[in-house]
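We're numbering straight along the sequence, starting at 1. It should be emphasised that the depicted structure is a prediction, and the values quoted were computed from it without experimental measurement.
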Amino acid sequence: MKLKNFFDQKKSHVLIIAEACDNHFGSLAKAKKMIIKAKWAGADVIKFQHHIPDEEMLRKVPKSKNFVNDDLYSFLKKNALKLSDHIKLKNFCDKVGIQYLCTPFSLKAAKELVKFVGVDGFKIGSGEMTDVPTLLEITKFKKPMIISTGMSYTKEIMRTYNNLKNKKVKLAFLHCLSEYPVNYKDLNLGYIPILKKKLNNCIIGFSDHSSDLIYTYAAVALGAKIVERHVTLDKKLAGPDQSVSIDFEELKLMISKVRKIEQSIGINKTVHKDEKIIRKWAFRSLVAIKNIEKNEKFSLDNIWSKRPGLGVPSVNMRKFLGKKSKRSISKDSFIKWKDIKKI
């Protein structure tokens, strides 16, 4: 599904984003293989990252535990895709039939994606969510923005939202926990419906950094309309995102389950066709639990409820109690309205 169509839709389709991150390790061939596999798995979107290291960071930044060997700057210098790679990948996505998406990690990266790649929208990472000056510049491109909210307080999310909401840009915010790997007790998936109430006219989703699939299912059930998952060609490979990545077989399984969940989330309570058949035997009717003589009063000693539901519904029992029977009724026979003797 194209981003424009997704933001304009009125149906319940959940947008599935396969986040390739840097699990291609700078290899164009691996990146293309990830595109093919993402399409095979049923993803709507495959997302890459456009890094220009000297534009986005200083050479020395604090090192988190998901970086075992290289620091972030060195890792990106070795493994980031080139602008020419992004152009080729966008064209390849168009050929394969999957939406290309990219995260710009600097304003210059965003400008290059618009000018040279021709992107249809932007994914904004959690680290850039609070960078309001850059985000305001990106809104000038008038393209949809999907913004992750990991590591952020509610007041920071609201500040970004309030700065962007009047810029005539379609917005989506993703609940996210930026832990590598995730501690499930920190997920707070109940925040998804809270975000839906706080952020008017925004689509709310979930960027899942866990290694399990169950939290994605829970997020969709709670109202997430976008799901982003890190993917890898091989979970045995080393890299900063491996602990939060799933393989494409898992992605395919996840998507098939999400599609079933999204179809099951309705708000109407009615009796469906197949239920009506079961109602006939599952519901209770008024039945004589012993032989009842003519003119004998109906009481709790001689009538009660039993299956099937083909007679007078048992909810009407009190309307019979104390009234006389018009006829003799055998044990285990239905009690009928016409059995009440008129005074």
To the nearest 0.5 Å, what is the distance between [atom1] on [X] and [atom2] on [Y]?
X: Lys336; Y: Ser285; atom1: NZ; atom2: OG; result: 12.0 Å
X: Lys115; Y: Leu83; atom1: NZ; atom2: CG; result: 10.5 Å
X: Ile16; Y: Gln99; atom1: CD1; atom2: CD; result: 14.0 Å
X: Phe206; Y: Ser148; atom1: CZ; atom2: OG; result: 10.0 Å
X: Tyr217; Y: Lys260; atom1: OH; atom2: NZ; result: 10.0 Å
X: Ser333; Y: Ile289; atom1: OG; atom2: CD1; result: 13.0 Å

Would a distance-only check, ignoring hydrogens and angles, find a side-chain to backbone donor-acceptor pair under 3.5 Å from [X] to [Y]?
X: His230; Y: Ser207; answer: no
X: Lys323; Y: Lys319; answer: yes
X: Arg284; Y: Ala282; answer: yes
X: Ser256; Y: Leu253; answer: yes
X: Asp94; Y: Asn91; answer: no

Shared hydrophobic cluster for [X] and [Y] (ILVMFWY, side-chain gaps under 4.5 Å):
X: Ile124; Y: Leu171; answer: yes
X: Leu174; Y: Val231; answer: no
X: Ile36; Y: Ile98; answer: yes
X: Val227; Y: Ile46; answer: yes
X: Ile17; Y: Leu113; answer: no

Can you find a pair of side-chain heavy atoms, one from [X] and one from [Y], that are under 4.5 Å apart?
X: Leu89; Y: Lys32; result: yes
X: Ile157; Y: Phe173; result: yes
X: Lys326; Y: Lys338; result: no
X: Asp44; Y: Val14; result: no
X: Leu195; Y: Tyr161; result: no
X: Asn200; Y: Lys165; result: no
X: Thr160; Y: Leu135; result: yes
X: Thr134; Y: Glu128; result: no

What pair of heavy atoms forms the shortest contact from [X] to [Y], and how long is it?
X: Asp120; Y: Pro144; value: O-CD, 3.2 Å
X: Ile192; Y: Gly223; value: CG2-C, 4.3 Å
X: Thr149; Y: Cys176; value: OG1-N, 3.6 Å
X: Ile329; Y: Phe334; value: CG2-O, 4.4 Å
X: Lys306; Y: Asp332; value: NZ-OD1, 2.9 Å
X: Met317; Y: Ser305; value: CE-N, 4.0 Å

Has [X] got more than 12 heavy atoms of other residues, nucleotides or ligands less than 6.0 Å from its [atom1]?
X: Lys324; atom1: NZ; value: no
X: Lys30; atom1: NZ; value: no
X: Asn201; atom1: CG; value: no
X: Lys111; atom1: NZ; value: no
X: Ile265; atom1: CD1; value: yes
X: Lys142; atom1: NZ; value: yes
X: Lys2; atom1: NZ; value: yes
X: Lys252; atom1: NZ; value: yes

task: Look at Lys170 together with Asp8 and state whether they make a salt bridge at an N to O cut-off of under 4.0 Å.
output: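 Yes, Lys170 and Asp8 are salt-bridged.
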- request: Would you please test Glu55 and Glu112 for side chain to side chain contact (heavy atoms under 4.5 Å, CB included) and show each step?
  value: CA-CA 12 Å; Glu55 287 288 326; Glu112 289 185 348; over 6 Å; no
query: side-chain hydrogen bond (donor to acceptor under 3.5 Å, both in side chains) with Glu137: which residues, sequence neighbours excluded?
result: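 For Glu137 the side-chain hydrogen bond (donor to acceptor under 3.5 Å, both in side chains) partners, ignoring immediate neighbours, are Lys140.
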message: Going by side-chain hydrogen bond (donor to acceptor under 3.5 Å, both in side chains), name the residues that satisfy it together with Lys77, two or more places apart in sequence or in a different chain.
response: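 side-chain hydrogen bond (donor to acceptor under 3.5 Å, both in side chains) list for Lys77, sorted by chain: Asp54.
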message: side chain to side chain contact (heavy atoms under 4.5 Å, CB included) for Leu310 and Lys280? Distances and angles first, verdict last.
response: CA-CA 6 Å; Leu310 299 176; Lys280 292 180 179 179; 4.0 Å; yes
task: Assign the ring pair His175 / Tyr191 to parallel, tilted or perpendicular, where the plane angle (0 to 90°) is split at 30° and 60°.
output: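 Ring orientation of His175 relative to Tyr191: tilted.
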message: Ring-plane angle category for Phe141 and Phe122, please: parallel below 30°, perpendicular beyond 60°, tilted otherwise.
response: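 Ring orientation of Phe141 relative to Phe122: tilted.
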task: For Asp212 and Ser210, test the side chains for any donor-to-acceptor distance below 3.5 angstrom and give the result as yes or no.
output: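 Their side chains do not contain a donor-acceptor pair, so the 3.5 Å distance test is not met.
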task: Decide yes or no on side chain to side chain contact (heavy atoms under 4.5 Å, CB included) for Leu136 and Leu164, but give the supporting numbers first.
output: CA-CA 7 Å; Leu136 287 173; Leu164 303 184; 3.8 Å; yes
Among Lys297, Glu296, Lys331, side-chain hydrogen bond (donor to acceptor under 3.5 Å, both in side chains) partner for Asn302: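 For Asn302, the side-chain hydrogen bond (donor to acceptor under 3.5 Å, both in side chains) check succeeds only for Glu296.
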- request: May I ask you to check whether Tyr180 and His209 place their ring centers less than 6.0 Å from one another?
  value: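 Yes, close enough.
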task: Kindly determine whether Ile292 and Asp339 satisfy side chain to side chain contact (heavy atoms under 4.5 Å, CB included), including the steps that lead there.
output: CA-CA 11 Å; Ile292 300 174; Asp339 291 335; over 6 Å; no
Please list every donor-acceptor pair under 3.5 Å in which a side-chain atom of residues 101-110 meets a protein atom from a residue at least two apart or in another chain.
unit_1	atom_1	unit_2	atom_2	d
Thr103	OG1	Lys47	NZ	2.6
Thr103	OG1	Lys123	O	3.1
Ser106	OG	Ala109	N	3.1

